[in-house]
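Below is one structure; the comments refer to it alone.
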Amino acid sequence: MNKLLIVGTVAFDSIKTPFGEVDKILGGSGMYIGISSSVFNINNAIVSVVGSDFPDEYLSIFKKNQIDISGIEIIEGGKTFFWEGVYHENMNHRDTITTDLNVLADFNPIVPNNYKNAEIVLLGNLHPSIQLSVLKQMNSKPKLVILDTMNYWMDNTLDELINVISKVDLLCINDQEAEQLTGESDLKLAAKKISELGPKFLIIKKGEFGSLVFSEDDYYNCPIFPTEKVKDPTGAGDTFAGGLAGYLASCSEITFNKVKKGVMYGTAIASYCIEDFGPNNIMSLDINLVEQRVSKIKK
């Protein structure tokens, strides 16, 4: 079983959708990735930072899911990263009300010694310099490095981002970000340009139209799972990435077909996530339930 090292945020989220609202629940990219990848019963660890206001009951959720939390730094007297958002009626758009970086503003990730040889590394959506510092701490070259990023870093730290992209094996972005990064509206042309930057594999997410998986000489179009009711889309992308990484960590080799299957698992687990607020629907998710939805996606 490969070790999976996850670098991302652990946070408080306050969320309002047409189906209700919650205040200061467990959130953050690292959290969603960690819990969704744990479905595969793998060895995984989260590298992140929280304040002393972060409750023990939330740390217990990680422990219950067999997640190594030795890389989560607790800053005494500090406050945990907080995000508040309100979703519109159609759930495709949201307004950010509050973003308080708090302890995340000075985040200096420290990789636990027993994960410096991790075979799979997932660099969550953070500043490229933070992502790069994690790679520099690894004792050996990982079997697979997955990078998640967004348009904000393309707008503000493009040169640093390009540097990190050149060092990873799999890039995960959405269609608008692929166009921004390459200047190409045709996603196949965009994928070709991105492959020239370094990654062996590329996943371009297209929202309700699923996702495209590219390698140098192949591609696959994965549909979404038709969830009947979307209650809270927060964390869906991170859950998708966690499901993908968790599946690949359970594999002995990384091939295009394995990545393709990993995208199906990520899609299935994300479909469960959006059916309830926060991580409620994935904290005790049974792999057999996931397999059922993967089978439907395959069909």
Side-chain angles (χ1 to χ4, degrees), residues 1-8 29-30 32-47 66-68 111 114-125 131-132 134-149 164-173 178 188 191-205 210-222 237-270 287 290-291 294 297-298:
M1 186 73 72
N2 296 309
K3 288 182 180 178
L4 169 62
L5 176 68
I6 300 157
V7 186
S29 62
Y32 281 106
I33 294 167
I35 290 179
S36 56
S37 63
S38 295
V39 171
F40 298 92
N41 194 30
I42 58 169
N43 298 310
N44 60 357
I46 298 175
V47 173
Q66 308 301 314
I67 299 170
D68 187 323
V111 177
N114 61 331
Y115 272 83
K116 288 185 177 181
N117 63 345
E119 292 87 355
I120 312 288
V121 176
L122 200 162
L123 302 172
N125 182 17
Q131 296 171 327
L132 189 61
V134 171
L135 294 181
K136 288 179 178 178
Q137 293 178 55
M138 304 303 292
N139 288 336
S140 56
K141 181 176 171 54
K143 186 186 296 185
L144 182 76
V145 179
I146 303 170
L147 174 67
D148 188 15
T149 191
V164 178
I165 290 174
S166 72
K167 301 179 188 303
V168 307
D169 304 291
L170 192 160
L171 176 63
C172 190
I173 53 178
K188 288 186 180 179
K192 189 168 188 264
K193 284 191 175 182
I194 291 171
S195 72
E196 292 169 356
L197 297 176
K200 299 174 189 173
F201 306 106
L202 170 67
I203 296 171
I204 300 179
K205 297 175 289 186
S211 52
L212 290 170
V213 189
F214 293 93
S215 67
E216 186 177 355
D217 51 12
D218 209 346
Y219 80 98
Y220 166 66
N221 191 348
C222 182
D238 297 313
T239 300
F240 169 87
L244 165 72
Y247 171 74
L248 292 176
S250 72
C251 298
S252 59
E253 59 178 355
I254 308 297
T255 64
F256 177 77
N257 282 335
K258 296 293 187 185
V259 174
K260 185 171 77 170
K261 194 168 181 181
V263 167
M264 296 179 196
Y265 278 100
T267 300
I269 297 173
I287 187 64
V290 177
E291 294 282 7
V294 168
I297 290 169
K298 284 181 181 178

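Within the 3.5 Å criterion, the main-chain N or O of Asp148 finds a donor-acceptor partner in the side chain of Gln131. A donor-acceptor pair is defined here as one N or O able to donate and one able to accept, closer than 3.5 Å; such a pair exists between the side chain of Asn2 and the backbone of Cys251. A side-chain donor-acceptor contact under 3.5 Å links Gln137 to the backbone of Val111.
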Next item on the list: Show your reasoning for whether side chain to side chain contact (heavy atoms under 4.5 Å, CB included) applies to Lys3 and Asn117.
Entry: CA-CA 8 Å; Lys3 288 182 180 178; Asn117 63 345; 3.5 Å; yes

Note to self: For a side chain to side chain contact (heavy atoms under 4.5 Å, CB included) check, start with the C-alpha distance between Thr149 and Leu171, then their side-chain angles and the critical distance, and finish with the verdict.
What the structure shows: CA-CA 8 Å; Thr149 191; Leu171 176 63; 4.2 Å; yes

Margin query: Show, in sequence, the C-alpha distance, side-chain angles and deciding distance for Ile254 and Phe201, and conclude whether the side chain to side chain contact (heavy atoms under 4.5 Å, CB included) test is met.
Written below: CA-CA 10 Å; Ile254 308 297; Phe201 306 106; 4.1 Å; yes

Notebook entry, point to check: How far apart are the C-alpha atoms of Val39 and Tyr265, what are their side-chain angles, what is the distance that settles it, and do they pass the side chain to side chain contact (heavy atoms under 4.5 Å, CB included) test?
Noted result: CA-CA 10 Å; Val39 171; Tyr265 278 100; over 6 Å; no

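Lys261 contributes atom NZ, which lies 12.0 Å from atom CD1 of Ile297 (distance to the nearest 0.5 angstrom). A distance of 11.5 Å separates OG in Ser195 from NZ in Lys193, rounded to the nearest 0.5 Å. Ile67 contributes atom CD1, which lies 10.5 Å from atom CD1 of Ile33 (distance to the nearest 0.5 angstrom). The line from CD1 of Ile146 to CG of Leu248 is 5.5 Å long, rounded to the nearest 0.5 Å. Taken from CD in Glu291 to CE in Met264, the straight-line distance is 11.5 Å, to the nearest 0.5 Å. Note that CD1 of Ile6 is 10.0 Å distant from CD1 of Ile35, once rounded to the nearest 0.5 Å.
Using a 4.5 Å cut-off on side-chain heavy atoms (C-beta onward), Phe256 and Val213 make contact. Residues Leu4 and Tyr115 are not in side-chain contact: their nearest non-hydrogen atoms beyond the backbone lie 4.5 Å or more apart. Side chains of Gln66 and Ser38 form no contact here, defined as non-hydrogen atoms less than 4.5 Å apart. Put simply, the side chain of Leu244 does not reach to within 4.5 Å of the side chain of Ile269, judged on heavy atoms. Between Cys222 and Lys260, the closest side-chain pair of non-hydrogen atoms is not below 4.5 Å. No side-chain heavy atom of Lys143 sits under 4.5 Å from any side-chain heavy atom of Glu253. Side-chain contact between Ile194 and Ile173 is present, with at least one heavy-atom pair separated by less than 4.5 Å. Here the side chains of Asp68 and Asn43 are not in contact, with every heavy-atom distance at 4.5 Å or above.
The minimum heavy-atom distance between Ile203 and Ser211, with the atom names listed, is CG2-CB, 4.3 Å. Across Ile204 and Ala178, no two heavy atoms sit closer than the pair CD1-CB, 3.9 Å. Pairing each heavy atom of Val164 with each of Leu132, the nearest pair is CG2-CB, 4.1 Å. For Gly246 against Phe40, the heavy-atom pair with the smallest separation is C-CD1, 3.5 Å. The two residues Gly243 and Ser36 come nearest to each other via the heavy atoms N-OG, 3.6 Å.
Around atom OH of Tyr219, no more than 12 heavy atoms belonging to other residues, nucleotides or ligands sit under 6.0 Å away. Summarising the local packing, NZ of Lys188 is surrounded by 12 or fewer heavy atoms from other residues, nucleotides or ligands at distances under 6.0 Å. Counting heavy-atom neighbours within 6.0 Å of Lys192 NZ, excluding the residue itself, gives a total of 12 or less. Heavy-atom neighbours of Asn41 CG from other residues, nucleotides or ligands within 6.0 Å: at or below the threshold of 12. Glu216 CD: 12 or fewer foreign heavy atoms inside a 6.0 Å radius.
The only member of Asp238, Ile46, Leu122 that meets side-chain contact (heavy atoms from CB on, under 4.5 Å) when paired with Ser29 is Asp238.
Side-chain contact check for Ser37 and Asn44: at least one donor-acceptor pair (N or O, by modelled atom type) lies under 3.5 Å.
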